[in-house]
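Working notes, beginning with the structure itself.
Order of appearance sets the numbers: ligands from 1, and atoms from 1 within every ligand.
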Amino acid sequence: MDITFRDKELGPVWAKVQKGERLSLEDGLILYRTPDIIGLGKMAHTVQKSRSGDGVYFVLNQKIEHTNICVLSCKFCDFAVKKGAAGAYEMTARDVLDRLTPDIKEVHITGGMPADWPWERYLDLVESVHRTLPDADVKAFTAVEIDFFHKKFRMSIEEVLRQLKAAGVRTMPGGGAEVFSERVRKQLFNQKIGAKGWLEVHRTAHRLGIPTNSTMLYGHIETIEERLQHMMKLRELQDETGGFLTFIPLAFQPGATGIKPSHRHTSAIDDLKTIAVSRLMLDNFPHIKAYWVMLTEEVAGVALNFGADDMDGTVGGEKIAHDAGAISPMSLKKDQIIRIIRAAGKIPVERDVYYNPLHLHAERVIGKIPYLNSIAFHAHLHVPGYKVLPVKPRRMGMLSEKGMIDAGLFSVMNYVEQAEQLEPIGYGLATRDQVKSVMLFSKEGWRDLDGKRIGIIDDTATSVRLLRVLLEKKYGITARFERLHGGVNDHSGLDAVLLIGDEALRHQKTGLAGFDLIYDLASEWYEWQKLPFVFAVWAAKRSLPAESKAQITRALEASLEKSNEDLAGIAGASGRRLGLTEMETVEYLTGFNYRLGEREWEAITRFAGMVRELEQPEGQVPERNDLPGSRM
Ligand code: SF4
């Protein structure tokens with residue numbers, strides 16, 4: 001995208017971003033120092049849109065600060081007190097449960113670190129929440145708290161995390177990172193772990209399949225260079241593990257700490273720049289959060305067009321930042337968050353703790369699969385009056401069932417199951433032979449997988465069925481499937497892992513540690529059936545007016561035509577992020593057929609028939625001739 005900059009220094013940095021090249025510390029300094037705040041915002045917003053489309057995520061969450069008693073004395077902290085001091089409090093598990101309501105999807109637990117709580121009290125707290133609200137996910141304990149448990153209870157960091165995970169912790173918050181600078185640490189929080197310790201806790205969590213958030217506390221005594229070095233350290237760990245969900249710049253609240261020279265709140269310009277710079281520097285982070293608690297609702301709302309795609313949530317009462325003088329409300333109601341997101345021109349996406357969309361608060365939404373394989377459909381897609389949201393295949397089917405998607409590239413089995421509501425519009429994602437992005441990584445050959453455990457990435461609706469068809473019908477064996485959530489997972493104990501999309505594409509090149517055999521499911525199907533395999537079908541709600549369907553079809557055709565003129569141009573940068581050369585990216589994309597003809601529909605009906613035979617009760621999958629597409 002062309003941007004006209006007032007600051008000419010931004011041009012070369014933007015050229016690097018567009019080519020998918022990584023930004024350096026010097027680039028970051030240019031971004032931070034530019035007076036062209038609008039140019040900077042446009043760069044970050046363009047990147048944000050390429051990742052999240054028009055979506056902005058929020059969660060119905062409840063913050064729990066179980067105690068404010070803390071053995072440490074960080075200089076900037078207005079929250080912690082010593083035991084017995086006025087205002088000291090400790091919550092029981094019952095107190096915590098009394099705060100929870102059935103609609104909550106994330107319980108966020110962090111607090112002080114008292115000297116006298118036994119380990120069992122923390123486990124009991126997590127277990128009680130998990131038992132009481134099984135549909136909610138527990139996000140608990142910062143790296144600083146994990147390190148405290150490790151030292152106090154004489155357990156390794158890994159053991160602490162394993163026990164918390166077994167108790168019900170699903171993800172970890174990103175607090176306690178402050179700024180990764182020894183200079184700042186010595187002055188402001190010298191009793192806390194530094195960068196090395198914080199990163200090691202998160203590295204261990206990711207290895208155990210616990211995704212985490214990350215933060216940076218800015219606006220006190222740190223320098224701009226230190227902010228950028230902080231982001232680069234996070235980026236390095238994300239390259240290694242892929243376990244960070246979001247980055248949260250936390251604007252320092254001066255409170256009564258009296259830290260000089262930061263005796264006042266950060267400026268809105270600094271806040272927006274930090275959001276935008278982080279979006280551009282953290283090229284491997286899926287989300288950037290505008291944490292309204294620190295920023296205020298007004299600045300957070302503007303940040304949604306400066307690179308942020310995540311509004312945190314309703315929070316339900318926050319103390320740490322408010323004790324330090326935050327001027328935002330203690331909590332927001334769901335409709336207030338929805339209003340802020342809509343005012344920014346975005347789709348409010350209610351999510352779970354893994355950022356899976358649960359509910360869209362918008363109309364006229366087109367769903368796109370956020371993988372490189374369908375980039376030609378989206379690169380130039382513009383349908384007036386519609387917003388676009390990237391949604392992973394299985395989730396697209398779920399949202400469509402609720403009537404929240406008007407048109408989209410549906411996983412073929414979701415399309416088949418919803419054929420009465422969905423009308424195909426002629427396009428899809430079909431392979432001729434290999435696909436490279438639906439891959440089984442295995443310790444065993446096919447026939448030796450009989451009775452074994454196979455981890456299935458949560459995002460799939462069709463590939464999991466293809467795997468079952470291959471196992472049971474082609475090889476005559478059965479295996480036990482276990483759902484893995486999107487993102488990092490603990491693969492120990494599994495005999496094979498099914499990955500799809502960009503993650504599969506990345507690993508088909510690098511391999512997956514511990515799994516030496518790699519199978520391409522489309523090749524397996526082709527060798528067996530001598531037919532292409534269709535992974536996805538473009539379809540629109542049957543109830544949409546004919547003109548709307550025609551409008552979407554025309555826009556898809558136009559995007560495909562324009563994209564095919566320059567596949568390297570539209571996809572080179574995305575391919576590079578996945579470790580592919582430009583030639584490999586183009587070769588991968590030209591392996592797909594985007595227009596569905598007779599052979600593709602024959603393949604769909606044959607596959608759907610096999611799935612129907614395997615999946616009872618009968619009638620769940622329409623008969624071959626009931627598929628609307630089969631008559632095309
Ligand atoms: S910032 Fe955290 S670790 Fe430091 S004193 Fe406050 S509660 Fe304790």
Side-chain angles (χ1 to χ4, degrees), residues 63-91 95-96 108-117 119 121-122 125 139-153 157 160 164 169 172-202 205 212-222 226 230 248-260 262 265-266 291 293-294 315 317-326 330:
K63 186 105 195 274
I64 300 290
E65 284 133 354
H66 47 284
T67 178
N68 62 349
I69 297 170
C70 190
V71 291
L72 301 193
S73 307
C74 302
K75 262 195 186 163
F76 56 76
C77 181
D78 288 293
F79 165 73
V81 295
K82 297 300 170 198
K83 191 156 180 120
Y89 72 87
E90 295 173 74
M91 293 170 82
D95 297 331
V96 170
H108 176 175
I109 306 173
T110 55
M113 298 181 292
D116 54 356
W117 279 36
W119 176 230
R121 186 163 177 179
Y122 296 99
L125 176 61
K139 177 173 84 180
F141 306 124
T142 65
V144 177
E145 289 166 286
I146 300 294
D147 181 68
F148 172 71
F149 301 151
H150 145 67
K151 288 174 180 145
K152 181 167 168 52
F153 302 116
I157 284 169
V160 168
L164 288 172
V169 168
M172 264 177 62
E178 320 313 358
V179 170
F180 294 149
S181 151
E182 268 307 285
R183 182 189 72 82
V184 175
R185 192 177 80 83
K186 281 184 187 141
Q187 288 189 54
L188 299 189
F189 50 97
N190 65 359
Q191 299 162 310
K192 255 187 196 174
I193 49 171
K196 198 162 165 248
W198 190 97
L199 292 165
E200 190 49 37
V201 170
H202 283 258
T212 68
N213 292 346
S214 58
T215 60
M216 176 180 76
L217 186 71
Y218 68 96
H220 41 89
I221 62 164
E222 86 291 351
E226 284 166 337
H230 181 102
I248 316 163
L250 299 173
F252 177 67
Q253 309 295 315
T257 51
I259 294 172
K260 303 288 182 208
S262 295
H265 288 269
T266 53
Y291 190 45
V293 173
M294 303 290 214
V315 176
E318 195 277 353
K319 257 187 82 55
I320 296 176
H322 287 92
D323 282 354
M330 295 289 279

May I ask you to list the atoms of ligand 1 that are less than 4.0 angstrom from any heavy atom of L72?
-> 3 (S), 5 (S)
Do side-chain atoms of N68 reach the backbone of G87 as a donor and acceptor pair under 3.5 angstrom?
-> yes
What atoms of ligand 1 come closer than 4.0 angstrom to any heavy atom of C70?
-> 3 (S), 5 (S), 7 (S), 8 (Fe)
Under 4.0 Å from any heavy atom of M113, which atoms of ligand 1 are there?
-> 3 (S)
Whether E145 side chain and T142 backbone form a donor-acceptor pair below 3.5 Å | yes
Please write down residue, atom name and distance for the protein heavy atom closest to atom 6 (Fe) of ligand 1.
-> C77 SG, 2.4 Å
For A80, the atoms of ligand 1 under 4.0 Å from one of its heavy atoms are 5 (S), 6 (Fe), 7 (S)
May I ask whether Q191 places a heavy atom under 4.0 Å from ligand 1?
-> no
Evaluate the ring planes of Y122 and W119, with Trp represented by its six-membered ring, and classify them as parallel (under 30°), tilted (30 to 60°) or perpendicular (over 60°).
-> tilted
Residue, atom name and distance, where the atom is the protein heavy atom closest to atom 1 (S) of ligand 1 = K192 NZ, 3.5 Å
Okay, side chain of T215, backbone of G174: is any donor-acceptor separation there less than 3.5 Å?
-> yes
State whether the side chain of K139 and the backbone N or O of I109 hold a donor-acceptor pair below 3.5 Å, judged by distance alone.
-> no
Which of these passes side-chain hydrogen bond (donor to acceptor under 3.5 Å, both in side chains) with E178: K192, H220, H230?
-> K192
Would one find an N, O or S atom of C74, in either backbone or side chain, under 2.8 Å from atom 8 (Fe) of ligand 1?
-> no
